[in-house]
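Everything below concerns the one structure shown next.
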There are 2 protein chains.
Amino acid sequence: MGCRSRAIALRADSPAGPTGLEIVESHTQPQESRPRFARRKEARPQELTAAALSLFVERGFAATRLDEIAARAGVSKGTLYLYFDSKEALFEAVIREGIVPALEEGEALFERHRDDPAALLHELLLGWWQLIGATDLGGIPKLMMAEAQNFPDVAKFYFDEVMARGRELVRKAVQSGVDRGIFRTVNTDQIVNVLMAPLLHLATWRYSFACCDPKGMQPQAYLESYLDLVFNGLLVGRMEAGR
Amino acid sequence: MGCRSRAIALRADSPAGPTGLEIVESHTQPQESRPRFARRKEARPQELTAAALSLFVERGFAATRLDEIAARAGVSKGTLYLYFDSKEALFEAVIREGIVPALEEGEALFERHRDDPAALLHELLLGWWQLIGATDLGGIPKLMMAEAQNFPDVAKFYFDEVMARGRELVRKAVQSGVDRGIFRTVNTDQIVNVLMAPLLHLATWRYSFACCDPKGMQPQAYLESYLDLVFNGLLVGRMEAGR
DNA sequence: CTTTAATAACTGACCAGTCAGTCATCAGCA
DNA sequence: TGCTGATGACTGACTGGTCAGTTATTAAAG
């Protein structure tokens, strides 16, 4: 203790002068068009969660630095703590805010095609890709899969409020097709998971091996093959795939 | 669910178990009354990579502590550094050693069914599940997907030496089916990715949402639905005998 | 007795979270 | 219209804890 305080005292008591120990404000170049302190209370949370999502998806939760998230949002780390209590709270916000609105759009889509199961299923699957898979939200499934065991509470929320709801939407579409004799009799509970897998896989691909595989996975051709296989596998009698 | 007897049924003649569909859980139990300095130079690397694999898959690379890996292998952290230069080197070893042997088994399997494309494809897909998906190796795809961007070199290796080779195996099976008029004409390059997706998804599931979803995904029923859909989607003619 | 596998205490870098200070903004007043 | 004091959004240096990697020591094996 004594030694330590003495060292500090020596520094603190050193006479003012060119010792090089003072912290000098060499920040005399504010030649920016934008002010260094821009107050935008409303926009910050969105910008921060968007930045956090992209980095979490790219690197994983643990490997992502809060400084990087803040920098990507054009803000300092301290600001981040004005809006979120902790890194974990930020993660929760990313998941909670991210995907529920898109799911609600899917539920609206459901109402619009109640009477044509094949078209409905087609719309749901392709709609998922267009509204979620192909957008920034497409990284959420990868992120959530990777982190589910580290965040059981968030995983529970995501599973109940997102996956189970989406699953049920697709399940009802398949079931109504079976009921009307348009689709073959299948185990709807399981087939739903099988149907979603290739979509989730394609979305995950964009954030994993896409760079190793510039030509192998082409979303357009992949989706065509996928829908072709699915509808040939589901429809009763020989028909054109997908409607 | 109606008990439709599909042309394609699950093979029951696997050497591993009655159906080969059980999820295999292997645990290394520590032997008690072990001397504190047990010298087992030969066995250590395997034990360490096995422990590392299970923890990397469960928590991700960055969130896994080397102390935990060592503890699970019944060893101290220092010992780990006798066999691996760094945490990253350990990760590489996990991936490199883990899955190539299983792939070679798949390639042997290919030779055994050259003349029957439907049976061959069936063997390849179910064989993947039995040899990889249902074993401890099943976590590797999840791990590799999650960490691909953080380890581009390992990702390149994995992609070239594992995924591309496996993909080509399945592609040739599909192609030969198409050539012989057994399968419909499809885009084989893309369909291969579609075919593997549900298997990868099921394997990943075990290490992510399985605890949230005790009843939703049942490997047995899931695989039946999957194979049913795939072969109905691929085979020429409606209810003809597949295999 | 020598060799070396294995250990456990140690170190230094890194990073989540904090806090004293800075400055943009605007209401109130001249 | 222009000045000024109050407010609070924002900053970034700092701290304490954690963990990858090192090393001095111990003991098993030949």
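Chain letters run A, B, ... following the sequence lines, proteins first and then strands; every chain starts at 1.
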Out of C/dA16, C/dA5, D/dT22, whichever nucleotide has its closest atom nearest the side chain of B/Tyr81
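Of the options given, the side chain of B/Tyr81 lies nearest D/dT22.
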Candidate nucleotides C/dA6, C/dA16, D/dG21, ranked by approach to the side chain of B/Arg44 - the nearest:
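Comparing C/dA6, C/dA16, D/dG21 against the side chain of B/Arg44, the answer is C/dA6.
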Value in whole Å for how far the [atom2] atom of [N] lies from [atom1] of [X]:
X       : N      : atom1 : atom2 : answer
B/Leu55 : D/dC19 : CG    : P     : 13 Å
A/Leu80 : C/dT18 : CG    : C1'   : 13 Å
A/Lys87 : C/dC14 : NZ    : C1'   : 12 Å
B/Phe84 : C/dA5  : CZ    : C1'   : 15 Å
B/Asp85 : D/dA20 : CG    : P     : 16 Å
A/Leu90 : C/dG17 : CG    : C1'   : 13 Å
A/Lys77 : D/dG12 : NZ    : C1'   : 9 Å
A/Leu82 : D/dT7  : CG    : P     : 18 Å

Verdict with supporting geometry, B/Phe151 and B/Tyr158, ring-ring contact (aromatic ring centres under 6.0 Å, His included)
CA-CA 11 Å; B/Phe151 301 96; B/Tyr158 184 80; over 10 Å; no
Do A/Val75 and A/Arg44 come within less than 4.5 Å of each other through their side chains, counting heavy atoms only?
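They are in side-chain contact.
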Under 3.5 Å side-chain donor-acceptor pair for A/Arg72 and A/Ser54
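There is such a pair between these side chains.
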Does the distance from a Lys or Arg side-chain N to an Asp or Glu carboxylate O, for [X] and [Y], drop under 4.0 Å?
X        : Y        : answer
A/Asp213 : B/Arg167 : yes
A/Arg165 : A/Glu107 : yes
B/Glu68  : B/Arg59  : yes

Find the bend of the helix from C/dC1-D/dG30 to C/dA30-D/dT1 as the angle between its two terminal axes (five pairs each), to the nearest 10°.
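Rounded to the nearest 10 degrees, the bend comes out at 10°.
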So A/Tyr222 and A/His201, would you call those rings parallel, tilted or perpendicular, with 30° and 60° as cut-offs?
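If you compare the ring of A/Tyr222 with that of A/His201, the planes turn out tilted.
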State whether the side chain of B/Lys142 and the backbone N or O of B/Val57 hold a donor-acceptor pair below 3.5 Å, judged by distance alone.
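It does hold such a pair.
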Taking the side chain from A/Gln149 and the backbone from B/Tyr207, do they hold a donor-acceptor pair closer than 3.5 Å?
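Flag set: sc A/Gln149 to bb B/Tyr207 pair under 3.5 Å.
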Has A/Thr79 got a side-chain N or O lying under 4.0 Å from the OP1 or OP2 atom of D/dT11?
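Answer yes for this pair, as a side-chain N or O of A/Thr79 is under 4.0 Å from OP1 or OP2.
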Can you see if the side chain of A/Tyr83 gets near the phosphate of D/dC10 - specifically, an N or O under 4.0 Å from OP1 or OP2?
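Looking at the OP1 and OP2 atoms of D/dC10, one of them is under 4.0 Å from a side-chain N or O of A/Tyr83.
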Any residue of residues 63-76 of chain A with a heavy atom less than 4.0 Å from an atom of DNA chain C
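Under 4.0 Å from DNA chain C: A/Thr64, A/Arg65, A/Leu66.
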